[in-house]
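Please read through the structure below; I'll follow up with questions.
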Amino acid sequence: MRVATYASHSALQILKGAKDEGFETVAFGPSKVKPLYTRYFPVADHFIEGKYPEEELLELEAVVVPTGSFVAYLGVELVEKMEVPYYGNKAVLRWESDRSLEREWLEKAKLSLPRIYEDPDEIDGPVIVKPFGAGGGRGYFLASSPEDFWKKAERLGVREKEDLSRVQIQEYVVGVPVYPHYFYSKLNGELELMSVDRRYESNADAIGRIPAREQIDLGISTDYTVVGNIPIVLRESLLMDVIEAGERVVKAAEELMGGLWGPFCLEGVFTPDMEFVVFEISARIVAGTNPFVHGSPYTWLRYDFPVSTGRRIAMELKQGIAEDRLGEILT
Ligand code: ATP
């Protein structure tokens, strides 16, 4: 068996972790990035050009570790149909890609969620407007009143109430962004806290460098394009809440869709009242785990060797082989 992934996102970490656990590795993607995975960072034993070279992957007896890039480039439908074994539960994809189903899942897990405004004319505080299907925070905008909403929504082609199915209007929660990364081992029935990051976003993280008056004069609006990730170590008294939120998400997934296993991430903000308000779940490895190729403070507390999320995935695959239980974790 070989470990394969799409050459982007967190592939360096996934393939390095797999090699550390003794697997042969495969990267696939555009030929332009081949040197990155074979020469500059020699983590891929094989590089295949292509978006999803199914035949070659089957021949190599590869297991695909999905990333956000892989799912985004291939699309949920093709991922559901792929024949190459996939690490994780594919049933999760539908729940995650539909904002209403995602909300149902997070509500069932009893997480604190931002209020959703069905009717923009009820906006009575700051809101963040998210077009459906927008990736990487592109096209999001902030508004503070119904008038402000309608004025700004026009550039998305949202002019009347019938067009509202194209956007979700969420309460804008004021606090600091915190993204905890978890790993649920289906084989051991245990949740692990792997690491925590915050994103470094352009231009959201640049606006504070410009005085308020100039911000208004320049008419700057906020974008959330991720440029990188910054490690966070949480205040210790917050850890139990974060862990319990993860436990409830796993439990809700077992009831709704047959489980969530492997890496996942809750994306939210901590308010000044110490409440963790979650606005999104990523049900696979997130790029926020990339600062922790050599492990994080949390994995170091549990393991006496460096464990990244990529390596943790490989450890699970190795255990699956040793216990003859691979079938339980691949779909
Ligand atoms: P992903 O790439 O993980 O699918 P995304 O980048 O498309 O997500 P979000 O994670 O939903 O988009 O949000 C982008 C940015 O907007 C983040 O910086 C986040 O902190 C901020 N944000 C999103 N929703 C809220 C909210 N309800 N209140 C405050 N900030 C928010």
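Note: hydrogens, waters and symmetry copies are ignored here, and every other heavy atom, side chains too, is used. For ligands, and for the atoms within them, numbers begin at 1 and follow the listed sequence.
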query = Should we count CG of Asp324 as having more than 12 external heavy atoms under 6.0 Å?
reply =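 Not buried by this count: 12 neighbours or fewer within 6.0 Å.
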Glu21/Lys318 salt bridge by N-O under 4.0 Å criterion = yes
task = Name the option, out of Arg115, Glu201, Arg99, Glu267, that contains the heavy atom nearest to atom 18 (O) of ligand 1.
result =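 Nearest heavy atom to atom 18 (O) of ligand 1 lies in Glu201.
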request  = May I ask you to identify, for Tyr179, whether its side chain, its backbone, both or neither come under 4.0 Å of ligand 1 on a heavy-atom basis?
outcome  = side chain
request  = Answer yes or no: is there a side-chain heavy-atom contact under 4.5 Å between Tyr182 and Leu191?
outcome  = yes
message = With the threshold set at under 4.0 angstrom, would you say Ile128 reaches ligand 1 through any of its heavy atoms?
response = yes
ask   = Hey, what's the ring geometry for Phe70 with Phe28, parallel, tilted or perpendicular (30° and 60° as the breaks)?
value = perpendicular
request  = Out of Lys130, Glu96, Glu280, Gln168, indicate the one that has the non-hydrogen atom closest to atom 8 (O) of ligand 1.
outcome  =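 Nearest option to atom 8 (O) of ligand 1, by heavy atoms: Glu280.
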inquiry  = Is it true that Ser185 and Glu190 share a donor-acceptor pair across their side chains at a distance under 3.5 Å?
reply    = no
message = With a heavy-atom distance limit of 4.0 Å, tell me whether Glu171 approaches ligand 1 through its side chain, its backbone, both, or neither.
response =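 The answer is the backbone of Glu171.
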query = What do we get for Tyr172 next to ligand 1 when only non-hydrogen atoms under 4.0 Å count, side chain, backbone, both or neither?
reply = both
query = Below 4.0 angstrom, N of the basic side chain to O of the carboxylate: do Asp20 and Lys16 qualify?
reply =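 Yes, Asp20 and Lys16 are salt-bridged.
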request  = Within a distance under 4.0 Å of any heavy atom of Pro114, pick out the atoms of ligand 1 and give their elements.
outcome  = 27 (N)
